[in-house]
2 protein chains.
Amino acid sequence: MSIKGIFPIDKWDFKSRSVLAGLPDSDLEMLMANQTEKVYKLTEVIFWEGGYPSGIFYIKEGKVKKYKLDKDGREHIIYVANAGELLGYHAILSEDRYPDSAAALEETRIAFIPKEDFVKTLQHSDVLNGRLLKNLSHEFAVLANSLSMFAKSSVRERLALQLIILREKYKVNFQPGMPVEINMGRDDLASLVGTARENVVRLLSDLKEEKIVETKGRTIIVLDVQKLIKIADYK
Amino acid sequence: MSIKGIFPIDKWDFKSRSVLAGLPDSDLEMLMANQTEKVYKLTEVIFWEGGYPSGIFYIKEGKVKKYKLDKDGREHIIYVANAGELLGYHAILSEDRYPDSAAALEETRIAFIPKEDFVKTLQHSDVLNGRLLKNLSHEFAVLANSLSMFAKSSVRERLALQLIILREKYKVNFQPGMPVEINMGRDDLASLVGTARENVVRLLSDLKEEKIVETKGRTIIVLDVQKLIKIADYK
DNA sequence: AAATAAAATTGATAAATATCACTTTTTGGA
DNA sequence: TCCAAAAAGTGATATTTATCAATTTTATTT
C-alpha cells in the first residue's frame, strides 16, 4: 500500500480543502453577514471541549490545533487545521457540545460566524450541504487512517507520517525552492504523534543522523521526504 | 471525565442510530425502490477497501465489522456496525473509493441500494441530508474519541471500553434479564482493541479473576459494567 | 548583553506490550 | 459421538515505549 493509501494527500489538496471555496456569492454573503474577526495569540484557546457551540470559526490566516485532554490533563492533538478551514461546525450539526478543544498554534486570524447564520445558510444552500457532506466524509477517512496508524504502527512510523503531513501544511507559508520549516514545539509534536516529548526528541535525532531531517532551534526541516514515506509505509 | 464524555452512548442510542429512521415515506420509497437483499455468511466480505462504490448497504439484521488491512495483511477493526446502520455511503459522498473493508460478523441480512437511487434521494430530501450530516458528525466524534483513547490509554483500558461498547451492541439480540453474550472471536476483539490475541486473552483472564467478566467458550459475559467503566475511565 | 525562564536534549531505568513456541479447549462436520 | 481443524489459552522472552532525573540549549526579558 502506498502512502496515498494511508493518507490521501493528493485527493484533496490543502488549498481546495476549504468548505467555502467556490460557494455561490449569495450563500457566502448570507453566511458571512454578521462575521466578526479576531486575532488569536499563540496558545490562545478558541473553544473548549464540552462547551455549547454558539457559532463556527473560519481560519483566515494561521494554524489551529484541535485536541482533547486526558484525565491527567495532558493534551492529545487530533488534528492541525490550516487557513481556509472551518472549525466547530461538527458540534452544531450533531446538535451536541464541542467534542474537542481548539487553540492557536501561531498568531491566527479567525472569523466567527454566529450559529443562526450558519444554520440559515445550511437550510438555504444545497451547495453548502454537499460541501459539508463531502468534507465530513473526507475528514472521517483521514481520521480512520490515523486510527489504524495508531493501532498498527510504531512511534517512529507515526512520527514519519506526521512530518510528511506537517510539511504539507507548513508549505503554504513559504516560497517554492525555500525549505519548508515546520515550526512546532516538541511537546505539540509529541502530542500529535501520541507519545512523550523525550521519545520524539530521540527519534528526531535518529532522523538527523540519517540525514532525513535537520533542526534549527525548534524548527524542523525535512530533507528527504521519500525516506520518510518509506519509514511511514513499510515495516 | 465520565464515560459519557469518552463515549456518548447516551446521546444517540443504538436504535435511533439509523440514518433512515423517521425519514418521510416518499423519501424512503425513492431510496428503496431498487433495493436487493442478500444474506452474508460469517466472515463474508461486503466491500473491499480501495474498491469503487456502486451503492450503499443497509443492515437489516446482523453485525458488520469495518476494518483496514496493514502491510502485513493483519486487519484492524475500526468499527462494529449493527442492524439499522447504513454502510458504504462515505465513499459516495467523498467521491472517492472505499476507505475500508466491511465483512459480516455473523449471519447478516443486508439491502443493497444502487448509487443512483442514493444520490437522487439525497438531492431530493432535505431530511436525509440533515440526517447524514448529523450522523457523520456523530461518527466523527466517536472516532475522535477512539483515536485519543488509542493515544492515551493502555490496552487494559481500551479493552474495558470496547467491552462496554460491545455489550451495548450485543444487547439488542437478547431479552431483558438475560445476560448479554458478546459473541466475538478473540482475534476480532484483539483487532478492535488494537493489540495481539494473546494480550486480550491474558487481560480477559485477569478480568475473570476480578469477577468482572465471565466466559463461556468464545462468548463473553459482562458481570460488572461499573467496574469496566472505572477501568476505562481512570488511570 | 547578561540574566532568567522555558524548552530541548540525553542517559538510565522501569513498565508495558509484542512475539514466539507451545498446550489445551472448543467447534463443526463426518 | 468421535475426529480433525480451528480457536483459545499459557509461559517465557524480546522489544518497544514511558518515566525519571538530570544537563544543555534556546528564547525572552530587562
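Letters A, B, ... are given to chains in the order of the sequence lines, protein chains preceding strands, and every chain is numbered from 1.
- Residues passing the side chain to side chain contact (heavy atoms under 4.5 Å, CB included) test with Ser191(B) are Glu75(B), Ile77(B), sequence neighbours excluded.
- Regarding Arg156(B), its CZ atom lies at a distance of 19 Å from the P atom of dA18(D), rounded to whole Å.
- Across the protein-nucleic acid pair, Asn183(A) atom CG and dT26(D) atom P stand 15 Å apart, rounded to whole Å.
- Atom CG of Asp206(A) and atom C1' of dG11(C) are 14 Å apart (whole Å).
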- A correct 5'-to-3' footprint of nucleotides 4-11 of chain D, with B, S and - meaning base, sugar-phosphate only and no protein heavy atom under 4.0 Å, is ----SBBB
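- In this structure, the CG atom of Leu42(B) is 13 Å from the P atom of dT27(C), given to the nearest Å.
- In this structure, the helix from dA1(C)-dT30(D) to dA30(C)-dT1(D) shows an angle of 50° between the axis at its start and the axis at its end, each fitted on 5 base pairs and rounded to 10°.
- Annotation: salt bridge (charged side-chain N to carboxylate O under 4.0 Å, His left out) contacts of Lys38(A) (sequence neighbours excluded): Glu44(A).
- For the salt bridge (charged side-chain N to carboxylate O under 4.0 Å, His left out) test, no residue two or more places apart in sequence or in another chain qualifies with Asp206(A).
- With sequence neighbours excluded, the residues forming a side chain to side chain contact (heavy atoms under 4.5 Å, CB included) with Thr219(B) are Glu181(B), Asn183(B), Lys216(B), listed by chain and number.
- For Arg202(B), there are no salt bridge (charged side-chain N to carboxylate O under 4.0 Å, His left out) partners at least two apart in sequence or on another chain.
- Lys152(A) places its NZ atom 15 Å from the P atom of dT17(C), with the value rounded to the nearest Å.
- For Glu107(B), the salt bridge (charged side-chain N to carboxylate O under 4.0 Å, His left out) criterion is met by no residue, not counting sequence neighbours.
- For the pair Asp72(A) CG and dC20(D) C1', the interatomic distance rounds to 16 Å; values are reported in whole Å.
- Of the charged side-chain nitrogens involved, none lies within less than 4.0 Å of a carboxylate oxygen, so that Lys211(A) and Asp224(A) do not count as a salt-bridged pair.
- Between Thr219(A) and Ala196(A), it is Ala196(A) whose nearest contact on DNA chain D lies nearer the 5' terminus.
- Note: CD (Glu157(B)) to P (dA18(D)) measures 13 Å, nearest angstrom.
- Straight-line distance from the CG atom of Leu189(A) to the P atom of dA7(C): 15 Å, rounded to whole Å.
- The side chain to side chain contact (heavy atoms under 4.5 Å, CB included) test applied to Val222(A) returns Arg167(A), Ile182(A), Val225(A), Leu228(A), not counting sequence neighbours.
- Look at Glu85(A) and Lys66(A) and you find no salt bridge, because none of the NZ, NE, NH1 or NH2 atoms lies under 4.0 Å from a carboxylate O.
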